[in-house]
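Structure record follows, encoded as structure tokens.
Quick note: numbers below take in every heavy atom, side chains included, and nothing from hydrogens, waters or symmetry partners. For ligands, and for the atoms within them, numbers begin at 1 and follow the listed sequence. Residue indices begin at 1 and follow the sequence shown.
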Amino acid sequence: MPTSSVAPRHVIVIAGAGPRAVGILERLAHNLDEVAPGIGLDIHLVDPHPPGGGRIWRSAQSGLLKLNSMAQDVTMFTDARSTIEGPIAPGPSLAEWAEGIRRREITDVDLGAELRAEAEALTGASFPTRRLQSHYLDWFFRRAVASLPPSVIVTTHATRVERVSADERVWLTDGRSIDADLVLYALGHIESAPEDEHRQLSRFAQRYGLTYLPPSYTADADTSGLHAGDDVIVRGMGLAAVDLVVLLTEGRGGRFERTGHGLAYRPSGAEPRLFLGSRRGVPYHSKIASALVLPRAEPRYFTAQVAHRLAASAARISLKADVWPLIAKDALWAYYRELFLGHPERVSTAWDGFAARFEQLAWNAPELLELVERAVPDPIDRLDFAALDRPLADAAFADAATLQEHLRDYIRTDLRQRSAPEHSATLALFMSLLGSLFTLGGIVDDAPWTARSRVEEFDGWWMNLFSFIASGPPAHRLEELLALSEAGIVHFLGGDLTVTTDPRRGFVARSGAVPGEVATAALVDARLPASDVSRTTNPAIRSLLESGLGSIQIVTDDDYSGTTGRLRVNRADSRVVDVDGRPHPRRFAVGAYTSAPFVGAFSRPGTDAVSFRENDRVARAMLRELAQVAEGRAAGRMRTRLPAVSTNG
Ligand SMILES: Cc1cc2nc3c(=O)[nH]c(=O)nc-3n(C[C@H](O)[C@H](O)[C@H](O)COP(=O)(O)OP(=O)(O)OC[C@H]3O[C@@H](n4cnc5c(N)ncnc54)[C@H](O)[C@@H]3O)c2cc1C
């Protein structure tokens, strides 16, 4: 309830109510007393999906879809490692929350029988369902609201923000409007208009009575046009493809059964036949289930100091040419240190000699390969980035059957490398790349990148490589893929996949690795839509750009000009930057579609997570702005607020 009927109230509208929005709400709650004490605040959360989970983590989705993170690696709460200006407000990670429910210490959650059973059985290493995560996020949201003082009222609106007019009136899809002092855009994973190729494929499918699904969020895709027994080309082998395969197999009534020979798939008969291919032709590397023997390796080459030196460099730098060699060398160092010292039985020389020689060589020097070949007898233990990135690069197969065998062997090896204790070096590799990702995030906005590097190498090359190596599916998903391949439901097409159209045969897939082609009446582009604000269909962003109050990040130098496709925000406080480069006093934006360095995942406990730091910074900047508005109003310089929500269309 408002503290006083005379004190002017302030209004914040938050467009989007997913994890980032509620994370900032929590920071508003904990910073309010210090930054803007005593102010009356109305916070309006606008999202067609329930607050906390929002669209991606709503509970109304298939119970088969899971997180790609382990329960112990997901938290919404700051902790002692968080270097934030505001107060730390600790709370349970997803795994600890489930444990709290098990122990009856957390009782204000209504899970239902199925999710309660999941919570009861959950361990830190489990990959939880998205539905369970939805309840964790809802619980977090409710706690954040409960931690607000009575002077703050939170109202949720199950609709969308259409536009915000120049006087900060926020117009909703249902025709109402809200007069705001501040607007926070937390729109997350945005939709884009189809690219030319996807439009052409849709037209082709319509014309010839075929089925085509363009890039989409798999949970939202309409797969009803993919019928039992249909042959379907699936282009893409990343996380969207994994979700699609789950929905079209187990989701259609098939079952996985553990047998004496591993996992077997028992079809329901309702599945289509899936032909999977991509540029690499292999699935993403599985998540790692082993544990490090040694303490985690500290970076030696791409350290925070080196990163800051690079950021201050007078000359232009490129991610691929100047930074990747350091990232790769750190990763190689971490990998071989764990292998040599953690598993000395797997190497034939001592670490000290190897390390001394390693120090002198570039990450890709032929001498390094020779050094490794001499010291590491089993090829499975050698880390070769080129082979890791493109495992089918030089492969040629006599026929499709040989390719299937090869891919199944490849997946079995990957599973062994990423789960057997003797291969814990793969975890050291992962930790090193993750550390470099964070270090890079710290300078992405400040360093003098060449324009080409900024546009083409960050989101394109680097994030793709990182996701392929470090952000793949849980191991059991790859085991399932193996079982589906053995059951004849999944077929692999090979790498360098091309798909063409033929009015007589439909969609035609070819790979350079194997003779022949596959023609089908259905094609699915299994990937997320590109996050590009210049092509988005999201009305809130479109109108922001059209008004000129928001702008697209453009990077230019002497030989290249391009856009990152991101909404420009001011690095210090995430204020929206207008076309003339001025930060907007009243509008803020966070999330994947903004120019702020994006960490596309939930925060891990104890890592001083970037998104917590950003949430805290943004919340404090918003409160500071409100405190100034309050001062201005108190001095009688500003108008008194009208009733905040009006129903006129
Ligand atoms: C399919 C998928 C799977 C993922 N899996 C994992 C995982 O396993 N582990 C992990 O760590 N990370 C994962 N992520 C990363 C993900 O980025 C974060 O977990 C998180 O969802 C980001 O939160 P957000 O609030 O920024 O965006 P979102 O979760 O996208 O939330 C944004 C919200 O804004 C709303 N919105 C958009 N436009 C408007 C509008 N005009 N008006 C009102 N509301 C609007 C949407 O409905 C949505 O609810 C995954 C991402 C995706 C897309």
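In Ala186, the part holding a heavy atom less than 4.0 Å from any atom of ligand 1 is the backbone. If you look at Arg20 next to ligand 1, the close heavy atoms, those under 4.0 Å, come from the backbone and the side chain alike.
An N or O contact shorter than 3.5 Å links Pro19 to ligand 1 by distance. Inclusion of Arg130 in the set of residues having an N or O under 3.5 Å from an N or O of ligand 1 is not warranted. The shortest N/O to N/O separation between Leu528 and ligand 1 does not fall below 3.5 Å. For ligand 1, the polar-atom distance check finds an N/O of Ser69 within less than 3.5 Å of one of the ligand's N/O atoms. Between Tyr217 and ligand 1, a contact under 3.5 Å exists for no N or O pair. At least one N or O atom of Asn68, backbone or side chain, sits closer than 3.5 Å to an N or O atom of ligand 1.
Between Arg81 and Asp608, none of the side-chain N atoms (NZ, or NE/NH1/NH2) sits under 4.0 Å from a carboxylate O, so this pair counts as no salt bridge. Checked for salt-bridge contact, Asp573 and Arg620 miss the test: no charged N lies under 4.0 Å from a carboxylate O. With salt bridges taken as basic N to acidic carboxylate O contacts below 4.0 Å, one links Arg587 and Glu168. Using a 4.0 Å cut-off between charged side-chain N and carboxylate O, Arg575 and Glu625 make a salt bridge. Salt bridge annotation for Glu480-Lys66: absent, with no cationic side-chain nitrogen under 4.0 angstrom from a carboxylate oxygen.
Under a cut-off of 6.0 angstrom, the local environment of CG in Asp220 is crowded, with over 12 non-hydrogen atoms contributed by other residues, nucleotides or ligands.
Atoms of ligand 1 found under 4.0 Å from any heavy atom of Gly54 (numbered from 1 in listed order, with element): 49 (O). Distances below 4.0 Å separate heavy atoms of Ala540 from the following atoms of ligand 1: 41 (N).
Among Val46, Asn538, Thr173, the residue whose heavy atom sits closest to atom 43 (C) of ligand 1 is Val46.
When only modelled atom types and interatomic distance are considered, Ser192 and Asp532 share no side-chain donor-acceptor pair under 3.5 Å. Under the 3.5 Å distance criterion, with hydrogens and angles disregarded, a donor-acceptor pair is assigned to the side chains of Ser126 and Thr123.
Using a 4.0 angstrom heavy-atom cutoff, Ala592 does not count as in contact with ligand 1. Residue contacts with ligand 1 include Trp57, since one or more of its heavy atoms lies under 4.0 Å from the ligand.
A donor-acceptor pair under 3.5 Å is absent between the side-chain atoms of Lys287 and the main chain of Pro473, judged by distance alone.
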